Number of protein chains: 2
Amino acid sequence: MDAVEHFVEQWRAEAPEIDVTPMATIGRLSRLAQLVQARIDSVFEELGLQSWEFDVLASLTRQGAPYALTAGDLERQMMISSGTTTHRIGRLEQRGYVTRTRDEDDGRVVWVTLTDAGRAACLEAYPVHLENERRILELLSDDDREMLTTGLRALGVALRDEPPTPRTPAQRR
Amino acid sequence: MDAVEHFVEQWRAEAPEIDVTPMATIGRLSRLAQLVQARIDSVFEELGLQSWEFDVLASLTRQGAPYALTAGDLERQMMISSGTTTHRIGRLEQRGYVTRTRDEDDGRVVWVTLTDAGRAACLEAYPVHLENERRILELLSDDDREMLTTGLRALGVALRDEPPTPRTPAQRR
DNA sequence: CCTGCTTATCTTGACATCAAGATAAATGGA
DNA sequence: TCCATTTATCTTGATGTCAAGATAAGCAGG
């Protein structure tokens, strides 16, 4: 019995004519995402990072050399607004973790490039973060963990959460 | 192939010594929660409600008569801070959807009670919201949906997301 | 009764976020 | 070449959120 199951039962008693089963899945999705995020945040706090900071650094690091994306590509990968993107880049620029460069051929484009310090911070946090995630999933049985992963992957496909195709530095027009 | 699978492959290429499999599950959890929330928000917008407003109204409605919770109980059920609780109650009070009442016996406690208008707004939105959730889950096969639900329920239990035990009006000391 | 501790709510200040619009650059058709 | 349209980023203003502390009311032991 978890919290969502309790809410489902309350709704069945109060409004029995409505099929409440979707809530058992989607209600948990957002609630558990929040609970898991709290655990993840606490690890990043120990590492001196905000979760959103790691998000940016990780997006750039996993691209591989030369560790650069345009502001727009970052925006799409992180699923945030353009205003938030500008703000995030600015804060990380102040911290010395990224640099901004105007594209030479297309004056509208801003390249965000990881500095050595930014890459180092990301690579230091990365294994600690993943170990934390591993510890959370270890609370589940192998079967449950596998069902969860399979179900989530299916949902990702169903919602068309497709891989981003960033502009590569070579692709400058 | 979804976005998270792509990120996993990028990480495998860039930092092969780290086991990246936990990200396939937990990365999807937060990413998909965000995608699903966007769909949910758009339905509430049509209904003239914010998601957080429905959260409050639903917490009160599903309690059954007399549709009341203390501010602290709302805070715990919705997993938000006390400051956010105060703010939410204030906004809904302005809209005429809830009322504030000091407990007669314990002067620190504030009872938040649903008005008829608040209950009506919630009961109008509730079936539309659940139909929307049902439509999202319908994108999955029966098997995938069942695995997702089972996996999430297991995670809820593992993270000890336990049912709240609110103070009932009868329990006034 | 006091006095210190706990509990419940509210206030304040900071901040990340978004929507909408501004700015500026590129593009494409007449 | 010119102008309208599209694209990429940034700015502005509003908002929801939290952490930390303030306020105020119970509570418990002397």
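Values below: every heavy atom of this structure, side chains too, minus hydrogens, waters and symmetry copies. Residue numbers begin at 1 in each chain, while the letters A, B, ... track the order of the sequences. Every value quoted in this text rests on a predicted model; they were computed, and no experiment measured them.
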| Stepwise salt bridge (Lys or Arg N to Asp or Glu O under 4.0 Å) check, A:R119 with A:D116 | CA-CA 5 Å; A:R119 180 145 177 271; A:D116 289 346; over 6 Å; no
| task | Using a 4.0 Å heavy-atom cut-off across all strands, classify B:T85 as base, sugar-phosphate, or nothing. | result | nothing
| Base, sugar-phosphate, or nothing for A:R100, non-hydrogen atoms under 4.0 angstrom? | sugar-phosphate
| message | Between B:R12 and B:E9, does any side-chain N to carboxylate O distance fall below 4.0 Å? | response | no
| query | B:D2: what forms a side-chain hydrogen bond (donor to acceptor under 3.5 Å, both in side chains) with it, not counting sequence neighbours? | reply |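 With neighbours one apart ignored, the set is B:R28.
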| request: Might you confirm whether atom CZ of A:R134 has over 12 heavy atoms from other residues, nucleotides or ligands at distances under 6.0 Å? | output: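 Correct, the count exceeds 12.
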| If you draw a 6.0 Å radius around CD in B:E146, do more than 12 non-hydrogen atoms from other residues or ligands fall strictly inside? |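 Counting other residues, nucleotides and ligands, CD of B:E146 stays at 12 neighbours or fewer.
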Whole angstroms only, please: what is the [atom1]-[atom2] distance between [X] and [N]?
X: B:R76; N: D:dC18; atom1: CZ; atom2: P; value: 15 Å
X: B:M79; N: D:dC18; atom1: CE; atom2: C1'; value: 15 Å
X: B:M78; N: C:dT9; atom1: CE; atom2: P; value: 12 Å
X: A:I80; N: D:dA8; atom1: CD1; atom2: C1'; value: 15 Å
X: A:D73; N: D:dT9; atom1: CG; atom2: C1'; value: 13 Å
X: B:E104; N: C:dA8; atom1: CD; atom2: P; value: 18 Å
X: B:R102; N: C:dT9; atom1: CZ; atom2: P; value: 8 Å
X: B:E75; N: D:dA19; atom1: CD; atom2: C1'; value: 13 Å

| message | I'd like to know if the side chain of A:T115 and the backbone of A:Y97 have a donor-acceptor N/O pair within less than 3.5 Å. | response |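 Present.
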| field | Candidates B:L74, B:L69, B:T70 - the one meeting side chain to side chain contact (heavy atoms under 4.5 Å, CB included) with B:V112 | value | B:L74
Polar atom pairs between nucleotides 20-25 of chain C and protein, under 3.5 Å, N or O only, would you list them?
residue	atom	partner	partner atom	Å
C:dA25	O3'	A:G107	N	3.3

Polar pairs (N or O, both sides) under 3.5 Å between protein and nucleotides 14-16 of chain C?
residue	atom	partner	partner atom	Å
C:dA16	OP2	A:H87	NE2	3.4

| Can you find a side-chain donor-acceptor pair between A:D19 and A:T21 that sits under 3.5 Å? |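 There is such a pair (donor and acceptor under 3.5 Å, judged by atom type) between the side chains of A:D19 and A:T21.
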| message | Can you list everything that forms a ring pair (Phe, Tyr, Trp, His ring centres under 6.0 Å) with A:W11? Sequence neighbours excluded, please. | response |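 Testing A:W11 for ring pair (Phe, Tyr, Trp, His ring centres under 6.0 Å), a comparison that skips the adjacent residues, returns B:Y126.
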| message | Suppose we screen for side-chain contact (heavy atoms from CB on, under 4.5 Å). Which residues come up paired with A:S51, at least two apart in sequence or across chains? | response |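 Applying side-chain contact (heavy atoms from CB on, under 4.5 Å) to A:S51 gives A:Q37, A:I40, A:D41, A:F44.
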| So A:R88 and A:M78, side-chain contact (heavy atoms from CB on, under 4.5 Å) or not? Walk me through it. | CA-CA 11 Å; A:R88 286 189 179 186; A:M78 299 193 291; 3.4 Å; yes
| For DNA chain C, the residues among residues 32-46 of chain A that have a non-hydrogen atom under 4.0 Å from it |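 Heavy-atom cutoff 4.0 Å gives no residues at all.
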| said: So if I take every side-chain heavy atom of A:T86 and compare against D:dT11, C:dC18, D:dC18, which nucleotide ends up nearest? | reply: D:dT11
